[in-house]
Participant: 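The structure's right below; bear with me while I get my questions together.
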Amino acid sequence: MIWYPYEQMKTMKEPWKIVDAEGVYLDTGEKKLIDSVSSWWSVIHGYKHPDLNQAIISQAEKFSHVMLGGLTHEPVQKLAEKLQSWLPGDLDYSFFSDSGSVAVEVALKMALQYYMNRGEEQRTMILSLEHSYHGDTFKTMEAGDDEDYHFVLRAYGASPHVVHIPTQTEALEEAFLRYHDRLNCMLVEPLLQGAGGMRMYDVSFLKRARKLCDAYGILLIFDEVATGFGRTGNRFVADLVLPDILVLGKALTGGYIGHAVTVASRKVFEGFYDDNPEHALMHGPTFMGNALACSVALKSIEIFEKQDYMAKIRRIEEITRREMKDFSDPRVKEVRIMGGCVCVEVKDAATLKGYQQFAFERGVFSRPFLKYLYAMVPYIIKEEELVKVLGCMKEWFGRKR
Ligand SMILES: *Cc1c(COP(=O)(O)O)cnc(C)c1O
């Protein structure tokens, strides 16, 4: 039997079974549902995209996978080249892996070893944000700060290797003053903290973080697994503030195949590049650089560029702001909108109980969690479909109780 994610299996409601999917629609065979979650924020082009399907089919006819240990191939070379030219600054060195969590692990290992290679073994600490989420593997849980996901770590007690601060400049300055000689990196979900509750903060915090990282010689890591590829209304937040290491996942393959990449700047790469074999990065996921994943990622980026996805995302934000402008309810704490993300935070999680079924009956797939009712729609969504998703959210609060 299947053990489902984040579920108490004993009390879990039966999941809806999907038999087909096309565009923004999931199809149960009886009902078509707009996917307002984009399958955990990844399916940016919608389902069954003819060009993405074709990219996979064409590559599968050659080969689906060969390992990167001692071998290489055109799709992975082209994707690395594309990322090198497409990403800002000197983020030129792509280390591929099979999931976002692993890619963050790789980034943290890079930061730690970068200093070890220089003989600074005391730099074992990570500066991270309150409410951050970086994945479900152990080091990413430790770097993260979300009791709801990470409570098993209680068994180990507080980590001496991670400091969590709020997104406030004073806290940032204080943390650097106090810990700068033990930190190897600062790790953040830039501008938008996703799984921790769709929390949004100002770019000035990141600019200050960049300055402090430079002043103290600490690596800045952006976990853009969720925010990358336009979700915040920026192509990458890295376009605004340049990190030393950038992590991409989720939408990298248009949501087709699990794949992720840890992209290092020249400075980080050069921290490993010498004649000493012990200075090599000892990591190598079996499926890194999978040829199907790289082929579909290349096609996804091509479509993103050619069809001006940034304009589509601006339109989504405009429509969302317009539709939510006059919305208010005493049970709502805050409505937050940024790019292709909208979140209605309620005061009491019980307010959202039953919403998923309510939305289902109206033809929308939604998955609120805790106090957060949100939408992160595929970018190809039509105006009337987006209006329907938002209308469903508003209707929930307007209904008779
Ligand atoms: C989803 C997510 C991850 C983990 O990615 P997986 O592919 O699920 O391992 C890491 N960081 C952020 C910011 C995420 O949203």
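FYI, the numbering just counts along the sequence from 1. In each ligand, atom 1 is the first atom listed, and ligand 1 is the first ligand listed.
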Participant: Arg322 side chain to Glu317 main-chain N or O, any donor-acceptor pair under 3.5 Å?
Facilitator: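 Answer holds: no.
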
Participant: Mark yes or no: Lys31 above the aromatic ring of Phe360, with NZ or CZ under 6.0 Å from the six-membered ring centre and no more than 45 degrees from the axis.
Facilitator: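 Yes, cation above the ring, under 6.0 Å and within 45°.
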
Participant: Could you label the plane-to-plane angle of the Tyr372 and Phe369 rings as parallel, tilted or perpendicular, counting under 30° as parallel and over 60° as perpendicular?
Facilitator: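 If you compare the ring of Tyr372 with that of Phe369, the planes turn out tilted.
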
Participant: Answer yes or no: are there more than 12 heavy-atom neighbours, outside Glu74 itself, under 6.0 Å from its atom CD?
Facilitator: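 It does not: Glu74 CD has 12 such atoms or fewer within range.
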
Participant: Taking distance alone, with N or O pairs closer than 3.5 Å, would you say Trp41 contacts ligand 1?
Facilitator: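 There is no such contact.
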
Participant: Give yes or no for whether the N/O distance cutoff of 3.5 Å, strictly under, is met between Gly100 and ligand 1.
Facilitator: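 Yes - when backbone and side-chain N and O of Gly100 are compared with those of ligand 1, one distance drops under 3.5 Å.
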
Participant: Could you list which atoms of ligand 1 come closer than 4.0 Å to a heavy atom of Ala226?
Facilitator: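 Once the distances to Ala226 are compared, the set is 15 (O).
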
Participant: Working to the nearest 0.5 Å, report the span between CG of Leu281 and CZ of Phe269.
Facilitator: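 Spacing of CG (Leu281) from CZ (Phe269) equals 10.0 Å.
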
Participant: Relative to atom 13 (C) of ligand 1, which among Thr227, Leu248, Asp223 owns the nearest non-hydrogen atom?
Facilitator: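 The nearest heavy atom belongs to Asp223.
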
Participant: Please determine, by modelled atom types, if Tyr133 and Asp223 share a side-chain donor-acceptor pair under 3.5 angstrom.
Facilitator: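 Short answer, no.
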
Participant: Quick one: which ligand 1 atoms are inside 4.0 Å of a heavy atom on Ser99?
Facilitator: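 Per the distance check, 7 (O), 9 (O).
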
Participant: According to side-chain hydrogen bond (donor to acceptor under 3.5 Å, both in side chains), does anything in residues 165-182 pair up with another residue at least two apart or in another chain? List the pairs.
Facilitator: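 Of all non-adjacent pairs touching residues 165-182, those that pass side-chain hydrogen bond (donor to acceptor under 3.5 Å, both in side chains) are Glu173-Arg208.
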
Participant: Please list the nearest protein heavy atom to atom 10 (C) of ligand 1 with its residue and the distance rounded to 0.1 Å.
Facilitator: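 Of the protein heavy atoms, His134 O, 3.2 Å lies nearest.
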
Participant: Which heavy atom of the protein is the closest neighbour of atom 8 (O) of ligand 1, given with residue, atom name and distance?
Facilitator: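 Among all protein heavy atoms, the one nearest atom 8 (O) of ligand 1 is Ser101 OG, 4.4 Å.
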
Participant: Heavy-atom distances under 4.0 Å decide this one: backbone, side chain, both or neither, for Glu189 against ligand 1?
Facilitator: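 Under 4.0 Å from ligand 1, Glu189 contributes side-chain atoms alone.
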
Participant: Among protein heavy atoms, which lies nearest atom 1 (C) of ligand 1, and at what distance?
Facilitator: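 Checked against all protein heavy atoms, atom 1 (C) of ligand 1 sits closest to Lys250 NZ, 1.5 Å.
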
